[in-house]
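Take a look at the structure set out below.
All values reported here derive from a predicted model rather than from experimental measurement. Note on naming: letters A, B, ... go to the chains in the order of the sequence lines (proteins, then strands), and numbering restarts at 1 for each one.
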There are 2 protein chains.
Amino acid sequence: MSTVTQTPCVGRPRAFDTDDALEKALEVFWRKGYEGTSLTDLTQAMGINKPSLYAAFGNKEQLFLKAIELYEQRPCAFFYPALEQKTAYQVVESMLMGAASSFVDKSHPQGCLIVQGALACSEAGQAIKDTLISRRRDGEIALCERLQRAKDQGDLPVNADPLLLSRYIGTVLQGMAVQATNGICPQELRKVAELVLANFPRNHALS
Amino acid sequence: MSTVTQTPCVGRPRAFDTDDALEKALEVFWRKGYEGTSLTDLTQAMGINKPSLYAAFGNKEQLFLKAIELYEQRPCAFFYPALEQKTAYQVVESMLMGAASSFVDKSHPQGCLIVQGALACSEAGQAIKDTLISRRRDGEIALCERLQRAKDQGDLPVNADPLLLSRYIGTVLQGMAVQATNGICPQELRKVAELVLANFPRNHALS
DNA sequence: AAATTTATGTACCGATAGGTATTAAATTAA
DNA sequence: TTAATTTAATACCTATCGGTACATAAATTT
């Protein structure tokens, strides 16, 4: 690990753990979105004051960027790992089921930070909004490439359209994130995911 | 119509048209969300100053509520009218195709105000967030009732689950709204809608 | 022990947030 | 013509926004 907590050798030692503080910041951003989160919200949740925050993380925008990095590695860690499943069906199954558990997990805010972090915002948040759009697109591109590979290997019907399928799954995942913020209960969200799966094309011979 | 522009008989006449002003406000809220929109954004777009806004619409929150009412009657007017289609399939087809055109229509902001108006926000916006959640839920409930009626009339397979189907279609619609903010092009969004339709259960004997 | 370096805490910065008091202007009713 | 009524425009209110200056505290280096 590169970001292991290594106390700098000189000067007064930091009185807080940056990883813990980042995790607290992530939770606030997740719940309130980028612009809905104030510096006061952050410092209170992180248990530090503003100069410490700025010294450790730069500014609000850079802190948010670090938060979404942590987000994609930690609680929402169902997406990219799912790509490594053996079959296209299992990839999509892993994604949909992962989303169905993560988005409504009561141990953290509901929904998906990448979707609700800055879906609509003022000019001041445009850069963050664009960053989140890119993250969503990147996910779909990665899924598309995975499905294309599956098709090339005969793991999807010859008439399957990887680009369309990845857009469709991306749409469902983003919709599930909204459903989670609506307060849908876990079982219901899971049933939606299962319905999508039931219609997903597969070569029974291979799976 | 109840809100027809009727000049009050006494006092200085209003120098702006409230319907026009509301339409301008709607567009700003649509683009920037409830909390991302400032009073200055609103007054500039509406061409009026703050006291006029407050006299005519109450405050920012009430103005937003009037904006979402207008929104559901005007540009986003594909949802509830779709319920009156003859068959369940046609209802869903009308909704999905309506969304596929409305959400990416270049004559107004991309996406759906009911989804992106306040998906995540500060405590100050909680009431608006809850209102939008209710609107989303109400739409799904109405669709569910319509599909149940269809099932009762033999217009859906006997094993069809109206509640699950309405949640699924709601999820897809909300996901399509996010896709629209991502900047997906109209044809691609339409193809997603068509894919969903292709898997929607129907009794061919009836449609 | 002194000098250096880094972090903490308080207090503050200009800008902007939503909202309003007040006065002038424009209309109708008397 | 005057009084009553409503709107318009400016200026202002308090609170909070993101961000920082500055003095103090705590560690290491010399």
Side-chain angles (χ1 to χ4, degrees), chain A residues 5-22 24-25 28-29 32-67 117-118 120-129, chain B residues 5-22 24-25 28-29 32-67 117-118 120-129:
Chain A
T5 308
Q6 49 183 0
T7 313
C9 300
V10 67
R12 178 172 174 173
R14 191 170 271 142
F16 63 96
D17 184 273
T18 52
D19 293 344
D20 291 351
L22 181 56
K24 298 291 187 183
V28 182
F29 279 132
K32 301 189 175 186
Y34 175 65
E35 288 195 324
T37 299
S38 72
L39 263 289
T40 305
D41 291 331
L42 291 168
T43 53
Q44 281 184 355
M46 301 164 87
I48 63 180
N49 42 38
K50 281 191 274 185
S52 297
L53 188 156
Y54 278 82
F57 300 102
N59 61 10
K60 187 187 176 186
E61 184 164 344
Q62 290 169 30
L63 176 59
F64 184 83
L65 294 177
K66 280 164 188 154
C121 62
S122 76
E123 284 92 351
Q126 198 61 46
I128 292 296
K129 177 182 168 186
Chain B
T5 307
Q6 49 182 358
T7 313
C9 300
V10 68
R12 178 172 173 171
R14 191 171 271 142
F16 63 95
D17 183 273
T18 53
D19 293 344
D20 291 352
L22 181 56
K24 298 291 187 183
V28 182
F29 280 132
K32 301 189 175 186
Y34 175 65
E35 287 196 324
T37 299
S38 73
L39 263 290
T40 304
D41 290 332
L42 290 168
T43 53
Q44 280 183 356
M46 300 164 88
I48 63 181
N49 40 39
K50 280 191 273 187
S52 297
L53 189 156
Y54 278 81
F57 300 102
N59 60 11
K60 187 187 175 185
E61 184 165 344
Q62 291 170 30
L63 175 59
F64 184 82
L65 294 176
K66 280 165 187 153
C121 61
S122 77
E123 284 91 352
Q126 198 61 46
I128 292 296
K129 178 182 167 184

I need a per-nucleotide contact map over nucleotides 14-24 of chain D, read 5' to 3'. Cutoff is protein heavy atoms under 4.0 Å; write B for the base, S for backbone only, - otherwise. ---SBBBB---
Calculate the interatomic distance between [X] atom [atom1] and [N] atom [atom2]; express it in whole Å.
| X | N | atom1 | atom2 | answer |
| --- | --- | --- | --- | --- |
| A/Glu123 | C/dT16 | CD | C1' | 13 Å |
| B/Gln44 | C/dT16 | CD | C1' | 13 Å |
| B/Met46 | C/dG18 | CE | P | 13 Å |
| B/Leu53 | C/dA17 | CG | P | 14 Å |
| B/Arg14 | C/dA26 | CZ | P | 17 Å |

Report yes if at least one side-chain N or O of A/Ser52 is closer than 4.0 Å to OP1 or OP2 of C/dA7; otherwise report no. no
Looking at C/dT8, I'd like to know if its phosphate oxygens (OP1 or OP2) sit under 4.0 Å from a side-chain N or O belonging to A/Asn49. no
Quick note, A/Val10 side chain, CB onward, closest among D/dT28, C/dA26, C/dT8 is D/dT28
Residues which pass side-chain hydrogen bond (donor to acceptor under 3.5 Å, both in side chains) with [X], listed by chain and number, not counting sequence neighbours:
| X | result |
| --- | --- |
| B/Asn59 | none |
| A/Asp20 | none |
| A/Ser122 | A/Glu35 |

Sort and list the pairs that fulfil salt bridge (charged side-chain N to carboxylate O under 4.0 Å, His left out) and have at least one residue in residues 40-64 of chain B, not counting sequence neighbours. B/Lys32-B/Asp41
Identify whether any heavy atom of B/Ala15 sits under 4.0 Å from a base atom; if not, whether one sits that close to sugar-phosphate; answer base, sugar-phosphate or nothing. sugar-phosphate
Residues in side-chain contact (heavy atoms from CB on, under 4.5 Å) with B/Ala67, at least two apart? B/Leu22, B/Leu26, B/Phe29
Are there over 12 heavy-atom neighbours, none belonging to B/Lys24, within less than 6.0 Å of that residue's NZ? no
